[in-house]
Amino acid sequence: MSNADLAAFLLQERLPEQYRQQIHAYFIPFIEGVLPRIRAGDLRVLGIHGAQGSGKSTLAAFLQWYLQCEYRMTVAVVSIDDFYLRRTEREVLAKTEHPLLLTRGVPGSHDVALAKQALTALLALKSGQSMDLPRFDKSCDDRAQRSVWPRISGPIDLVIFEGWCLGAEACEPSALLAPVNALESAEDSDGAWRRYVNAALAGPYRDLFAQIDYLLMLAAPSFGCVQGWRLEQEQKLAAKVDAGSASALMDAPAIQRFIQHYQRITEQCLRALPLRADCVMTMAADRQISAAYYPRQGDDHAAETCPSLVFSDLDGTLLDHDNYSFSAALPALARLAELGVIWVLNTSKTQAELHQLAAQLNNPYPFIIENGAAVVVPAGCDLLADVDLSVVNGQRVKEFAPRREQILTLLHGWRTQYGYQFSGFADCDAPTLCKITGLSLQEAELALQREYSEPIRWEDSDERWQEFAVLLAAEGLQALKGGRFIHIMGAADKGRAMAWLASCLYPSGPAPRLIALGDSGNDIAMLERADIAVLVRSPHHSPPQIVAPQGDLRITEGFGPVGWNEALLDIFGAGD
């Protein structure tokens with residue numbers, strides 16, 4: 001590939017010079033890595049997943065161009081957008097199923113049978129045979145006339161199939177109950193539309209996605225970036241069409257409403273898909289690739305002779321303080337999976353929250369909830385099978401603290417008697433907690449399901465706090481300062497729960513190396529008991545003071561999940 005050829009491609013696609021750097025740093029190494037599989041016929045359909053405006057179409061165009069120029073391969077590119085139902089077909093769905101199905105985009109608005117037929121036909125093309133590739137005209141919101149469909153001749157070496165929802169899976173029905181945005185709340189109040197979309201994912205789309213041999217994900221940093229990206233995408237399309245067609249394109253308010261159709265599945269994919277894709281390229285807010293890793297390339301021989309146990313806080317540590325994303329930590333998560341390292345979530349969050357988060361993080365291990373108040377062994381986990389545990393709400397649990405009901409009785413009694421000014425979770429409903437924390441409505445509802453602690457926001461004077469602290473101590477309660485709240489709970493902590501769990505997981509043989517990562521005051525007890533304690537920097541507060549570390553104390557350069565990723569790759573190595 002000559003510089004002149006690449007310059008011509010960049011000019012053709014209207015790409016900035018920085019794109020050349022990504023090509024050399026990420027895209028060409030990716031192609032060279034999968035090339036043996038393409039040549040062997042083991043990789044026939046390459047899927048590219050990416051949120052709207054992430055550049056998946058441009059990447060597909062480059063991969064096609066490069067394979068054709070360098071290796072004389074015949075590469076077909078199709079998008080899931082090419083298989084939207086005709087407008088008349090969506091109008092029927094809007095009348096018979098739900099009005100929101102008139103809008104193209106979500107699962108249920110595609111002609112899946114046509115997509116499957118096209119992929120199968122492409123792979124079956126022989127020398128001398130050709131076919132037309134379906135195309136959709138977004139400027140008129142309808143399938144393009146067949147006369148403009150591009151023709152391709154066989155045999156086909158590779159089909160590149162790109163789309164925003166490729167690889168998405170159906171979720172549990174309970175996850176559909178709470179709306180995630182204003183569109184769902186106002187226009188799908190009974191959830192009928194999202195149930196229809198979810199059923200489509202569980203049925204025909206699952207069969208369609210099964211035709212993908214290899215899935216590459218362009219991982220956006222958050223859904224919040226997508227609106228701006230989508231607006232840029234529409235402006236680029238407007239520059240390519242004539243004035244008459246441009247009237248059908250969308251302005252900024254229309255795009256803001258439009259992308260809400262995609263929010264639920266996009267956020268679901270950002271959480272879950274990085275742990276299932278074959279290659280993940282993480283993106284910064286400016287759409288530049290920041291890293292590439294390969295979750296499925298295991299390392300069966302890399303386990304250390306001395307076992308390691310990782311204990312991690314969530315908010316502000318593994319999860320970004322502002323948007324709760326863990327995308328920056330994906331390389332380290334993949335490395336832990338490669339090495340088979342047990343890593344335990346040790347957090348102020350509730351059991352209800354942890355069941356969902358553990359699934360999103362592909363973490364099957366026991367977890368510690370509410371700042372060390374209890375250790376929960378999730379269903380299906382065979383660790384601690386020989387340990388005598390209580391059964392609470394159907395879960396095997398080791399409790400270290402009194403129940404929340406006892407705490408609330410005391411707190412509310414003191415507030416009434418002495419007039420202390422504070423507000424707690426018991427005073428909030430889910431929408432209020434959303435405003436305070438930035439959680440989605442569904443996440444806020446899970447956060448409110450506390451069992452052993454009461455997070456509060458102190459709204460009184462420092463002098464009155466000293467009085468309040470004396471009352472807590474007299475009742476055997478403590479106040480742990482987290483990133484957002486003060487957690488009132490019994491005499492338990494993350495360090496004690498960590499030590500107990502480690503002794504149960506390794507009751508004999510060499511003691512495991514305990515690695516703990518946290519960012520706040522409620523992490524101190526865990527960090528002080530660790531052999532390697534990692535203080536993860538926060539852009540919102542100073543690191544807590546670790547007075548008596550048991551082992552090595554490290555402080556990250558990066559904030560939140562960036563620092564988390566940096567620290568664990570330094571400890572375990574980046575792998576091959």
Side-chain angles (χ1 to χ4, degrees), residues 13 45-64 75-91 93 100-119 121-122 131-146 148-150 152 159-168 197 200-201 204-205 208-209 211-212 215-218 220 226-227 229-241 245-246 248-250 254-255 257-266 269 273 287:
E13 297 294 325
V45 180
L46 168 65
I48 301 178
H49 170 102
Q52 291 192 353
S54 60
K56 55 190 177 296
S57 299
T58 305
L59 175 57
F62 171 74
L63 297 180
Q64 180 189 45
V75 179
V77 175
V78 292
S79 169
I80 197 167
D81 292 0
D82 293 326
F83 302 103
Y84 286 131
L85 293 168
R86 293 183 173 89
R87 183 172 181 87
T88 54
E89 294 171 314
R90 286 182 280 119
E91 287 173 347
L93 279 179
L100 286 177
L101 289 169
L102 177 63
T103 302
R104 67 177 190 265
V106 297
S109 66
H110 300 89
D111 188 336
V112 176
L114 178 63
K116 292 172 64 177
Q117 177 186 356
L119 292 178
L122 280 168
M131 67 174 283
D132 297 329
L133 298 178
R135 289 293 184 261
F136 191 89
D137 186 349
K138 293 182 180 179
S139 66
C140 63
D141 192 26
D142 213 335
R143 190 168 296 165
Q145 296 294 319
R146 194 175 186 109
V148 301
W149 291 11
I152 190 167
V159 177
I160 299 176
F161 183 28
E162 57 95 349
W164 76 276
C165 63
L166 261 61
V197 172
L201 278 177
Y205 285 76
L208 173 62
F209 298 157
Q211 294 185 250
I212 297 171
L215 184 63
L216 183 158
M217 179 186 190
L218 295 175
V226 176
Q227 180 178 348
W229 293 357
R230 184 62 181 84
L231 181 58
E232 290 179 25
Q233 189 180 49
E234 197 76 5
Q235 291 169 341
K236 188 174 181 180
L237 180 60
K240 291 183 178 180
V241 302
S245 299
L249 301 177
M250 292 182 286
I255 287 175
R257 179 184 179 278
F258 180 65
I259 66 169
Q260 290 186 35
H261 293 76
Y262 297 78
Q263 181 173 352
R264 176 180 292 275
I265 294 175
T266 299
C269 287
L273 200 56
R287 292 197 288 186

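Values reported hereafter were calculated over all heavy atoms of this structure, with side chains retained and with hydrogens, waters and symmetry mates removed. These figures come from a predicted structure and were not determined experimentally.
One distance of note links CG of Leu133 with OG of Ser79; it measures 12.0 Å at 0.5 Å rounding. How far CG of Leu166 is from CG of Leu273: 9.0 Å, rounded to the nearest 0.5 Å. With rounding to the nearest 0.5 Å, the separation of CE in Met131 from CD1 in Ile152 is 8.5 Å. Remark: Leu59 CG to Glu13 CD distance equals 11.0 Å, nearest 0.5 Å.
For the side-chain contact (heavy atoms from CB on, under 4.5 Å) test with Cys165, the passing option among Ile80, Leu201, Val106, Thr266 is Ile80; the others fail.
By the side chain to side chain donor-acceptor pair (under 3.5 Å) test, Gln64 pairs with no residue at all, sequence neighbours left out. Evaluation of the ring-ring contact (aromatic ring centres under 6.0 Å, His included) rule for Phe136 yields Tyr84 as partners, not counting sequence neighbours. With sequence neighbours left out, the ring-ring contact (aromatic ring centres under 6.0 Å, His included) criterion links His49 to no other residue. Asp111 is linked by a salt bridge (charged side-chain N to carboxylate O under 4.0 Å, His left out) to Arg143, counting only residues two or more places apart in sequence or in another chain. Take Asp137 and apply the salt bridge (charged side-chain N to carboxylate O under 4.0 Å, His left out) test, not counting sequence neighbours, and it matches no residue. Listed by chain and number, the residues in a salt bridge (charged side-chain N to carboxylate O under 4.0 Å, His left out) with Arg86 amount to none (sequence neighbours excluded).
A 4.5 Å side-chain heavy-atom check between Leu85 and Leu93 finds at least one atom pair inside the cut-off. Looking only at side-chain heavy atoms (C-beta outward), Ile265 and Val197 come within less than 4.5 Å of each other. Using a 4.5 Å cut-off on side-chain heavy atoms (C-beta onward), Leu216 and Leu218 make contact. Taking the side chain as every heavy atom from C-beta outward, Ile160 and Val75 approach each other to under 4.5 Å. Side chains of Leu63 and Ile48 form a contact here, defined as non-hydrogen atoms less than 4.5 Å apart. The shortest distance between side-chain heavy atoms of Glu91 and Thr88 falls below 4.5 Å. Counting heavy atoms from C-beta outward, Tyr205 and His110 have side chains that approach closer than 4.5 Å. In this structure, Val159 and Leu46 have side chains that are not in contact, with every pair of non-hydrogen atoms separated by 4.5 Å or more.
Ion pairing between a basic and an acidic side chain is recognised when a charged N comes within 4.0 Å of a carboxylate O; Arg135 and Asp82 show such pairing.
Across Glu162 and Ser57, no two heavy atoms sit closer than the pair OE2-OG, 2.8 Å. Across Thr103 and Phe258, no two heavy atoms sit closer than the pair CG2-CE1, 3.4 Å. In plain terms, the two heavy atoms of Pro107 and Trp164 that are nearest each other are CD-CZ2, 4.0 Å. Nearest approach of Ala51 to Ala220, heavy atoms of both residues: CB-CB, 4.5 Å.
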Notebook entry, point to check: Could you walk me through whether Arg90 and Asp141 pass the salt bridge (charged side-chain N to carboxylate O under 4.0 Å, His left out) check?
Noted result: CA-CA 11 Å; Arg90 286 182 280 119; Asp141 192 26; 3.1 Å; yes
Check: Under the side chain to side chain contact (heavy atoms under 4.5 Å, CB included) criterion, do Phe161 and Ile212 qualify, and how do the steps go?
Finding: CA-CA 8 Å; Phe161 183 28; Ile212 297 171; 4.2 Å; yes
Note to self: Under the criterion side chain to side chain contact (heavy atoms under 4.5 Å, CB included), I'd like the reasoning laid out for Asp81 against Arg104: C-alpha separation, chi angles, the key distance, then a yes or no.
What the structure shows: CA-CA 9 Å; Asp81 292 0; Arg104 67 177 190 265; over 6 Å; no
